[in-house]
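Just so it is clear, the model here is predicted, and its values are computed rather than measured.
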Amino acid sequence: MGVPFEALLPFGIIIGSFTVGGAGLWAIRRWDNEGKMPRWNKDKWDRVMMERDLRITGTKRGQSSNPEAPKGFELSNPWKIEKRIF
């Protein structure tokens, strides 16, 4: 006995939904990483360097080969102020 053709329509919808969802996740991840491979196994040093790159170039994946910091960079200190209770 063959498969009724009515069963193929829901099967096609399910496969289509997975395909569209996977393609959407791929596109969003690629857009978020500016077309580069996603970073994995990030430690504290990597996060600090990503924050520095964000402050220098304006993007978290951007890097600059300019040996001098851009104007106004001295005012964007990444160190957080610690409140001390005496």
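- Between M50 and R39, the closest side-chain pair of non-hydrogen atoms falls below 4.5 Å.
- Taking each heavy atom of P10 and A7 in turn, the nearest pair found is CD-O, 3.5 Å.
- Considering CZ of F5 and CG of L8, their distance stands at 9.0 Å, rounded to 0.5 Å.
- Nearest approach of G62 to T57, heavy atoms of both residues: O-OG1, 3.5 Å.
- The environment of R29 atom CZ is sparse: at most 12 non-hydrogen atoms of other residues, nucleotides or ligands sit within 6.0 angstrom.
- Each of N33, L54, D32 was compared with R61 under the side chain to side chain contact (heavy atoms under 4.5 Å, CB included) criterion, and only N33 meets it.
- Contact between N41 and D46 at its shortest, heavy atoms only, is O-OD2, 4.0 Å.
- Annotation: K36, atom NZ; neighbour count of heavy atoms from other residues, nucleotides and ligands within 6.0 Å is above 12.
- Taking CD1 of I56 as the reference point, atom CE of M49 lies at 8.5 Å (rounded to 0.5 Å).
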